[in-house]
Amino acid sequence: MLDGFATAGHDRSRSRASIVSQGCPTDVRAINQGENTMIARKSAGWLAVCLCASLAGCATSRSEIKLQGPVVSPSGTAAAGSARVVVVKSVTDERVFEQAPSDPSTPSLGFGGSDNATAQVKSQAIGRKRNGFGKALGDVLLQQGQTVQDVVRENLVAALLQSGYRVKSLADAGTDPVVLDVHIKKFWSWFQPGFWAITLHSDIATELQVEGGGAPIEIQVHAEDKRQAATERAWMEITQMGLEKFRAEAARSVAGKL
């Protein structure tokens, strides 16, 4: 009987040992494998975003992009020649560049910084590249032959025509034209990192001062778009998106007010 009891006890011990060896460790291994898989997936996703953001468009380089001009569609009144004449006398770039701003929406430059940049480079600068962690790297400039002043002028002219005005040079304006001086306060596209996607932003702000008039007409717009990578095409498209909003807001702001 003692032998039988001993045998039964041994079998129960062996059964418990089998459960321990075959059950719990397997569950623990499954949990650990699941956690490791989840961590690996998150790490891979974050790494992919970082790599895309930092490598697309050569983030450490200085890129040049060309913006498309607006399609000018004069209103019926402007086309008929009976509308008020407007002269865009001057367009002044009054943006303030900083050497190392904490806010990415503030204009800045690489390659020696804005303190060492020429006036020509600043007039072409429209954005700053960054890596997946938001560190400022290379620059985004307009191509040679385009400046921020030129781009704002042609988009404002398109908005004026759309609103029913005729736009002429001062020499061809005749008597009593509306003369505008344009002050560019903001024109900047910037980068916001994210976990699965990045967000590109575009800010444009101007003041239109009517010669001999009162308070300036303020036009301010913001555009944003989510992307997987900040390619040169993406920089161009977010800036074009901002300009589309600028034209619409400018047309609304000046309609019947000049």
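The analysis underlying the following values was restricted to heavy atoms, covering all of them including side chains, and did not include hydrogens, waters or symmetry mates.
Side-chain contact between L180 and V87 is absent, with no heavy atoms from C-beta onward closer than 4.5 Å. Between K186 and Q220 the shortest side-chain heavy-atom distance falls below 4.5 Å. Q120 places a side-chain heavy atom less than 4.5 Å from the side chain of T147. Looking at K89 and V182, their side chains never come closer than 4.5 Å, going by heavy atoms from C-beta outward. Within the 4.5 Å cutoff, the side chain of V151 has heavy atoms near those of the F187 side chain. Residues T199 and D225 fail the side-chain proximity criterion, which asks for heavy atoms closer than 4.5 Å. Proximity of L160 to V88: side-chain heavy atoms (C-beta onward) are separated by under 4.5 Å at one or more points. At a threshold of 4.5 Å between non-hydrogen side-chain atoms, the residues I184 and V91 count as touching.
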Walk me through whether V85 and Y165 qualify under side-chain contact (heavy atoms from CB on, under 4.5 Å). CA-CA 6 Å; V85 174; Y165 297 100; over 6 Å; no
Under the side-chain contact (heavy atoms from CB on, under 4.5 Å) rule, what do T206 and F246 come out as? Steps first, then yes or no, please. CA-CA 9 Å; T206 63; F246 173 77; 3.4 Å; yes
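Judged by distance alone, the side chain of D150 and the main-chain N or O of Q146 form no donor-acceptor pair under 3.5 Å.
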Please table the atom pairs, donor to acceptor, closer than 3.5 Å between any side-chain atom in residues 250-258 and protein atoms at least two apart or in another chain.
{"residue": "R252", "atom": "NE", "partner": "E249", "partner atom": "OE1", "Å": "3.3"}
{"residue": "R252", "atom": "NE", "partner": "E249", "partner atom": "OE2", "Å": "3.4"}
{"residue": "R252", "atom": "NH2", "partner": "E249", "partner atom": "OE2", "Å": "2.5"}
{"residue": "S253", "atom": "OG", "partner": "E249", "partner atom": "O", "Å": "2.8"}

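Between L109 and A117, the shortest heavy-atom contact is CD1-CB, 3.5 Å. What you find for A158 and R247 is that their closest heavy atoms are CB-CD, 4.0 Å. The shortest heavy-atom contact between T106 and W188 is O-NE1, 3.9 Å. The minimum heavy-atom distance linking F133 with P193 is given by the pair C-CG, 4.3 Å. Of all non-hydrogen atoms in P177 and G174, the two that sit nearest each other are CD-O, 3.8 Å. The two atoms that bring R128 and L137 nearest to each other are NE-O, 3.0 Å, heavy atoms only.
Salt bridge status for D139 with R62: present, with a side-chain N to carboxylate O gap under 4.0 Å. Between R227 and E237, at least one side-chain nitrogen of the basic residue sits less than 4.0 Å from a carboxylate oxygen of the acidic one, meeting the salt-bridge criterion.
Hydrophobic cluster membership differs between I65 and L141, with clusters built from Ile, Leu, Val, Met, Phe, Trp and Tyr side chains linked at under 4.5 angstrom. Clustering ILVMFWY residues whenever any of their side-chain heavy atoms sit less than 4.5 angstrom apart, transitively, puts I198 in the very cluster that holds M241. Under the 4.5 Å side-chain contact rule for hydrophobic residues, V179 and L156 do not share a cluster. If you chain together hydrophobic residues whose side chains sit under 4.5 Å apart, L161 and V210 fall into the same group. Placement of M236 and V148 within a single hydrophobic cluster is found when ILVMFWY residues are connected by side-chain heavy-atom separations under 4.5 Å, directly or transitively.
Side-chain atoms of E244 and Q240 form no donor-acceptor pair, as typed in the model, at a separation below 3.5 Å. With 3.5 Å as the limit, one finds a donor-acceptor pair spanning the side chains of D181 and S90. A side-chain N or O of K129 and one of S63 form a donor-acceptor pair less than 3.5 Å apart. For the residue pair S108 and E98, no side-chain donor N or O sits within less than 3.5 Å of a side-chain acceptor on the partner. Side-chain N/O atoms of S169 and D172 include a donor and acceptor closer than 3.5 Å. Using modelled atom types, one finds a donor on one side chain and an acceptor on the other under 3.5 Å when comparing D203 with W190. A donor atom on one side chain and an acceptor atom on the other are not found under 3.5 Å apart for S202 and T239.
The CG atom of L208 sits 4.0 Å away from atom CD1 of I219, with the distance rounded to the nearest 0.5 Å. How far CG of D93 is from NZ of K122: 9.5 Å, rounded to the nearest 0.5 Å. With values rounded to the nearest 0.5 angstrom, E224 atom CD is found 7.5 Å from Q192 atom CD.
Annotation: ring-ring contact (aromatic ring centres under 6.0 Å, His included) contacts involving residues 220-244, sequence neighbours excluded, comprise H201-H222.
Remark: of the listed residues Q209, E94, E218, E207, E94 is the sole one forming a side chain to side chain donor-acceptor pair (under 3.5 Å) with H183.
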